[in-house]
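One structure below.
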Amino acid sequence: MASRFQAVTLVDSPSYPNSIAWSDENLIAVASGHLVTILNPALPFGPRGLISINRSEPYPIGAVKREDLASGCLLPTTLNRDPRPSVRSVSWSNLGMAPNSGCFLAVCTTEGRVKLYRPPFCDFCAEWIEVLDLTDRLYDYLASISFEDPDIPPSEISNEPVTNHGYVDDPTDSVSMKEQKRRKVNNFGVRNAGLETSCDQISHGPSPSLELEGQGPPKGRCTKSGGRKSSHQIVPATRGRGRSAKKPPEVCILPLITADQYASRSAMLSSLVVAWSPLLKLSSRICGAPEINSSICFSLLAVGSKSGKISFWRINVPEYYSIEQSLAPTRVELIGILKAHSSWVTAISCALLASDSSTPQVLLATGSSDGSVRIWIGHGEEFLKSTEVNNAPFYPLKEIVNIYAVPVSVLSLMPTQSLHKMLLAVGRTSGAIEVWMGDASVKTFDKAGPYDAHDQVVTGLAWAFDGCFLYSCSQDNFVRSWSLRGSSLSEMPIPSSSPGLRSVSDMPDVFISCLGLVVSPSNLAVAMVRSFDVNQLDHMYEARLQKAAVEFFWIGGHQKDILSNTSLEFDIEPLPGFTEKELVYWESNILWSLKQYEHWDKPLVIWDIVAALLAFKWSAPDYVDHVLVKWLSSSYVDVHVERSIGKVLPHVCKSFCKAASRQLHLLNIICRQVILPELKADEINSNLLNFTVDNPNFAQDKQHKLWMDLLSRSEKELRERLVGFSFSAYRSFTSNSATTSSEPGYWYPFGMAQMEQWVANNNHQVHDQLKVVATEIKTCKRSRCIELAEEDKEQCSYCSAPVPFESPEFGVCRGMESNGSSGQKHKLARCAVTMQVCPITPLWLCKCCQRWISKLAPESLFKMPQQHCLDYKFSPEPSSIKVASKPQCPFCGILLQRSQPEFLLSPLPV
């Protein structure tokens, strides 16, 4: 039996499949009742973020006659008595979509509403901020085309007053207060004639695009079709409020529609599931951008509804990132509505297809309540050229029909490393799962299954380790692990061994169902959400606050590859609860996970790798050394050396000039978080300034000194690259008379004087090429009559005293003289990118090295490939003079963020 290594309780229980999602920022969102609870897996008992779902005003989609209320198609609406809407589906966007470069969270409620939320990075609150209600925009579009219905003749428009209950009634007909209150509970009752909305005469045109600036749209309104005569001209409606009837009733003229029309319109606006596509980036050559070397970066949000249609929203990446306020405009546009199924769309999954095409291709899998599954493909350039909303830019690849019409509950789509290949897992309400292996280039699909995996509804599916393993969970409270070998799926037990097992005995083990699971970014852990059987809890204490729990399990002990030699290459003391083979599997999986992050495009979120290595380090430090030595040998050392720390680390230092920037970032994180976790980041930064291996003041452990020397050399290499790139870019800017220093979103080389001083102070350590370029920059300044003495001067933000440059980490002002004596001196942080003194404004912070940044680094710095030749003569071409800035730490490579108080949620990628 697998043992969880940590767990945390929830105040409400989820009700729908796929109730948990893991973001690229290392945050977990759980759809629990009327709340979305957002957790940090690195601090599960720490602060949380919340999204509270409140009731929304219904839309004025039409009025039906009283005698039609008992129609079969309206019974689900008229009998609905949900007192408060709950969360049905959640989905994280990719990194970089939010104004602070974080992730958006899309939330779909049982009312059918879909809203976008952003983290409260500048609001200092626990409640996440609503950005946009997409259902409002969808209603505007559908109303502009009369919900795809032919125009209703004027004779069929009701001229009678429409009461609060949304049907045509005799004004003299009285309704009891009890009946009135009972009908008010309806969320999507016929009251959807929208009579308690603000019916100002607002005209909403048919344009489905908008610019959002961090503020949600006004709630509920009555709409009239621009220029249309018939059915959507709205006048003020009746506002019934309890017993107050002295005010003369207002009249709202709504189209008189049939019960079937009402049900159809309501289904179009009733969303069931949301899913984000991966981030798509198109170059100017493809997208036809007017600027040279520009590109468009965006993501698609797919929203499935009860009508069987899927609406696609293109959401562009912000033009620039900011932590001061959410003012960076983001364009949102409805690009298509696809008739995917003839019944409810119950599951959606998106993925980016690995192909040799110059434009990205998006795979889309959709499942329906009629049991059908369809696979679609879309091409990146068509998402920008799409002009007709009714023609969505997706084309069918495969249709899977279930002869027993068993509804689809969950889908999990994953492209493989092979070109055009994909894996699709299908979970059904019967408890069966299917796996399909497809080739998009020839449109062939092979089936593995079905397998009677569970006794009840399959509520979660997740792939891990490049499709080697599939994890499933069900309402029957079982979680199963499956191994895919060739075209067969076989069940394997979840590893029972757990490094660093924590005590969670205070949590009752009386679960009744599992409503979703998700795999961690590095594939070493899995999180699942389970509901408690409240009848077995203490009703006075436990049952009130503990309705569900999120559990974390290690899966790094799975056998991913069939190894010929399943024995360790060195002897260590046996670990309690681990076999020798399990340690080999852990080693293989950790090395595989580290290898995945060597590509700069993958967000650097290695919390589970660091946590696993630290857990092993407490009980078996020699095993951790063995794993790290093997990783360093394969990534940095070209020649075969004796695999020991003392032999490998010197060879690694010699290969830094040929290493990719991402490799150095990964090494720095491992050094700080795994090897030196007992030291604070500020202490490490101070020791790095004048560190030598022979320094007796740092540590008596020789091995720690070697790792500290490795970290010092790695950061010096990254700083030299940053300085050299800044010098080369500055020379290009000055020679081309570029004036882009004030453009938001683009990088400009600031801090030239401080960088020159740093090169001079470290003249005996930096490369000769960097010294030559520094000399050329001084000559360039003199030729342009730039006064160096004035540029060198920096003033204290508190007392205006001069601040000399002595260290790239911090500066100390000289203090203002008063009565012949020196005043108080202030220690000021320096920007990790420009080395300038940081201003008194909100700053970016790296959660790993705790450095502050006021000016962001260039994106090109993080893309330096392997075998990088240290050539500081490099300079951007005049055509590519604009270099995008990136909110990432130049020394750790992780996402920067605004510092938050300890009582507020903050992501921890490491």
Side-chain angles (χ1 to χ4, degrees), residues 16-18 21 23 29 31 87-94 97 103-109 112-117 132-135 137-138 141-142 208-209 267-280 298-316 332-341 343-353 360-369 372-380 382-384 386 388-399 408-415 422 424 426 461:
Y16 296 92
N18 268 347
S23 77
V87 183
R88 185 186 291 271
S89 175
V90 293
S91 179
W92 290 103
S93 74
N94 279 82
M97 296 300 298
C103 301
F104 277 140
L105 181 62
V107 177
C108 178
T109 70
R113 295 267 184 165
V114 174
K115 298 182 180 182
L116 298 186
Y117 294 86
L132 178 68
D133 189 333
L134 288 179
T135 314
R137 307 303 168 186
L138 181 61
Y141 170 75
L142 293 176
S209 64
M268 292 180 189
L269 294 170
S270 298
S271 302
L272 296 174
V273 62
V274 292
W276 288 89
S277 77
L279 209 59
L280 305 175
F298 61 92
S299 183
L300 299 180
L301 179 62
V303 181
S305 67
K306 292 182 179 180
S307 64
K309 297 181 178 181
I310 300 176
S311 58
F312 296 96
W313 301 83
R314 188 181 69 228
I315 303 178
N316 288 13
V332 178
E333 186 172 358
L334 176 64
I335 64 168
I337 297 179
L338 175 68
K339 181 61 176 178
H341 299 273
S343 186
W344 292 12
V345 178
T346 55
I348 299 177
S349 183
C350 297
L352 195 62
L353 180 65
Q361 295 179 325
V362 177
L363 286 172
L364 176 72
T366 61
S368 173
S369 60
S372 63
V373 175
R374 291 178 179 174
I375 305 173
W376 314 77
I377 190 170
H379 302 278
E382 296 187 15
F383 300 138
L384 294 175
S386 178
E388 296 185 14
V389 174
N390 287 330
N391 294 327
F394 279 93
Y395 308 97
L397 283 179
K398 174 71 175 178
E399 181 177 5
V408 177
S409 55
V410 287
L411 294 172
S412 182
L413 180 65
M414 195 199 74
M422 72 189 80
L424 174 64
V426 182
L461 290 171

Whether [X] side chain and [Y] backbone form a donor-acceptor pair below 3.5 Å:
{"X": "Trp276", "Y": "Ser299", "answer": "no"}
{"X": "Ser368", "Y": "Trp344", "answer": "yes"}
{"X": "Lys306", "Y": "Gly308", "answer": "no"}
{"X": "Thr346", "Y": "Val408", "answer": "yes"}
{"X": "Lys339", "Y": "Ser307", "answer": "yes"}

Practice task
Provide the closest heavy-atom pair for Val114 versus Asp133 in the form atom of the first, atom of the second, distance.
Solution key: O-OD1, 3.3 Å
Problem - Non-hydrogen atoms of Ser271 and Val303 that approach each other most closely - result: OG-CG1, 3.3 Å
Handout entry: Pair Leu300-Leu364, side chain to side chain contact (heavy atoms under 4.5 Å, CB included): steps then yes or no
Key = CA-CA 11 Å; Leu300 299 180; Leu364 176 72; over 6 Å; no
Problem - Pair Phe104-Leu301, side chain to side chain contact (heavy atoms under 4.5 Å, CB included): steps then yes or no - result: CA-CA 11 Å; Phe104 277 140; Leu301 179 62; over 6 Å; no
Problem - Evaluation steps, side chain to side chain contact (heavy atoms under 4.5 Å, CB included), between Ile337 and Met268 - result: CA-CA 10 Å; Ile337 297 179; Met268 292 180 189; over 6 Å; no
Return the [atom1] to [atom2] distance between [X] and [Y], rounded to the nearest 0.5 Å.
{"X": "Arg374", "Y": "Phe394", "atom1": "CZ", "atom2": "CZ", "answer": "15.0 Å"}
{"X": "His379", "Y": "Leu280", "atom1": "NE2", "atom2": "CG", "answer": "12.5 Å"}
{"X": "Ser409", "Y": "Leu461", "atom1": "OG", "atom2": "CG", "answer": "7.0 Å"}
{"X": "Glu333", "Y": "Leu384", "atom1": "CD", "atom2": "CG", "answer": "9.0 Å"}
{"X": "Ile377", "Y": "Gln361", "atom1": "CD1", "atom2": "CD", "answer": "4.0 Å"}
{"X": "Cys350", "Y": "Phe312", "atom1": "SG", "atom2": "CZ", "answer": "7.0 Å"}

Problem - Side-chain heavy atoms of Ser93 within contact of Cys103, under 4.5 Å - result: yes
Exercise for the section: I would like to know whether Arg137 and Val332 meet side chain to side chain contact (heavy atoms under 4.5 Å, CB included); could you show each step before the answer? Expected result: CA-CA 10 Å; Arg137 307 303 168 186; Val332 178; over 6 Å; no
Exercise for the section: Check the angle between the aromatic planes of Phe383 and Phe298 and answer parallel, tilted or perpendicular using the 30° and 60° thresholds. Expected result: perpendicular
